[in-house]
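Encoded as structure tokens, the structure appears first; notes follow it.
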Amino acid sequence: MGTRLNIGAPSDYRLARDVCSYGYFRLAPDRWDVDSQSLRTTFDLDDGPARAHIVEHDRGKLRVWFDRSLSHAEQRTARAYIRRMLRLNESQEDIAAFHSVDPRWKSSGRGRIFRSPTLFQDMVRTITSCNVTWKSTQNMNRRLCDVLGRAGAFPRPLRLARARAGTLRGRCRVGYRDRRLIELARLFASGQIDEQWLEDPEHPDEQVYRFLLKLPGIGPYAASNIMQLLGRYSRLAVDTELMRHGREVLGFAGTESEVIAQLQAHYEPFGKHRFRSYWFEMWTAYEAKHGPACQWQ
DNA sequence: GGTAGACCTGGACGC
DNA sequence: GCGTCCAGGTCTACC
């Protein structure tokens with residue numbers, strides 16, 4: 001008999017809208033179940049992997065079923081993972097503050113952007129999304145889980161830190177990212193990356209950004225994206241998607257640096273919420289083209 | 001400080 | 001089926 005957890009969420013939380021808000025919901029081990037409009041994933045917990053099925057039970061109430069019994073310590077860890085993934089730390093007031101700056105998303109309620117259960121997983125996912133098509137990103141993450149994860153869960157830092165570069169390259173198909181991922185995993189495994197320090201609002205964005213830039217495999221785009229994954233939305237993550245959005249959706253023209261300048265000016269009024277304004281603008285354009293993300297197969 | 005080219009995978013395309 | 005080209009962000013060597 002498995003464990004069932006009830007998890008309280010802000011009353012404005014909507015599982016389908018807020019999970020299907022960022023591409024990571026389609027990366028292993030996460031899987032959105034279109035039929036039941038619920039999230040399935042696997043966590044690597046202290047006593048072993050556990051499959052989780054997260055459903056919206058009622059307004060502001062989530063229910064999670066696990067395929068095995070969890071100890072109390074494991075339940076605490078699983079709750080923390082789920083709260084992080086779903087951004088349940090962002091209150092209704094936080095989202096209202098965003099909507100007061102950018103009212104375009106007030107009626108839909110958009111504001112939370114899905115992320116991973118751990119910062120390590122967010123960083124690995126970001127690195128595997130660099131310099132490749134989305135299909136390759138999906139393949140890399142699936143293989144990392146299949147080859148190095150326990151029962152299909154995402155590998156923990158220590159497991160990745162001890163992996164051989166040849167395994168990552170040959171079996172996980174991460175290419176030149178092999179050594180960079182191992183170095184990053186070693187930094188996590190040895191406690192040299194302090195998530196609390198990175199999230200502490202006392203530390204200015206610029207300081208955190210500079211720290212991230214020094215990490216292996218992380219350049220300007222990845223660092224900016226990790227900033228938003230840390231809940232710091234003031235920076236735009238400049239990649240080809242942003243450039244395409246600027247040219248095709250917003251109609252900006254000129255050289256790359258000229259388009260970037262126009263994008264910076266366009267999002268300037270949204271201040272510390274710049275990334276969210278950009279992201280939901282682009283996500284809305286995606287959905288207009290491909291249908292609601294919660295229906296994507 | 002700025003820039004060119006290498007690093008890889010996987011898809012598209014031509015033969 | 002095979003070879004070639006290209007997209008994609010980071011890193012390093014070089015100016």
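Keep in mind that what you see is a predicted model, and the values were worked out from it rather than measured. So you know, we letter chains A, B, ... as the sequences are listed, proteins then strands, and number each from 1.
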Once you apply a heavy-atom cut-off of 4.0 Å, does A:I127 come out as touching a base, just sugar-phosphate, or nothing? nothing
Between atom CH2 in A:W134 and atom C1' in C:dG9, what is the gap in whole Å? 15 Å
d(CG, A:N131; C1', C:dG8) in whole Å: 4 Å
Look at all strands and tell whether A:T133 reaches a base, only sugar-phosphate, or nothing, counting heavy atoms closer than 4.0 Å. nothing
Applying a 4.0 Å non-hydrogen cut-off, can you work out what A:L213 is touching in the nucleic acid: base, sugar-phosphate, or nothing? nothing
Can you measure A:I226 atom CD1 to C:dG9 atom C1' for me and round it to whole angstrom units? 12 Å
Quick one: A:R173 CZ to B:dG10 P, roughly how many Å, whole number? 5 Å
Report the distance from atom CZ of A:R177 to atom P of B:dT9, rounded to the nearest whole Å. 9 Å
What nucleotide among C:dG8, B:dG11, C:dT10 has an atom nearest to a side-chain atom of A:R180? C:dT10
Looking only at the aromatic ring of each residue, does the gap between the centers of A:W296 and A:W283 stay below 6.0 angstrom? yes
Could you tell me if A:R156 sits above the aromatic ring of A:F120, with its cationic atom closer than 6.0 Å to the ring centre and no more than 45 degrees from the axis? no
Aromatic ring centroids of A:Y81 and A:F43 under 6.0 Å? yes
Which is true for A:R179 with a 4.0 Å heavy-atom rule: it touches a base, it touches only sugar-phosphate, or it touches nothing? nothing
A:H99 and A:W105 aromatic centres sub-6.0 Å: no
Ignoring backbone atoms, test whether A:T240 places a side-chain nitrogen or oxygen under 4.0 Å from the OP1 or OP2 oxygen of C:dG9. yes
Using whole Å, what does the distance between atom C1' of nucleotide B:dT9 and atom CG of A:N139 come to? 9 Å
Report the distance from atom CE of A:M140 to atom C1' of C:dT10, rounded to the nearest whole Å. 13 Å
Distance-only donor-acceptor test, A:Y221 side-chain atoms vs C:dG8 base atoms, 3.5 Å: no
Using a strict cut-off of less than 4.0 Å between a Lys/Arg side-chain nitrogen and an Asp/Glu carboxylate oxygen, indicate whether A:D122 and A:R84 qualify as a salt bridge. yes
When you measure from the side-chain N and O atoms of A:R143 to the phosphate of B:dT9, is any distance below 4.0 Å, counting only OP1 and OP2? no
Which one, C:dT10, B:dG10, B:dC7, comes nearest to the side chain of A:Y176? B:dC7
A:I218 CD1 - C:dG8 P separation (whole Å): 21 Å
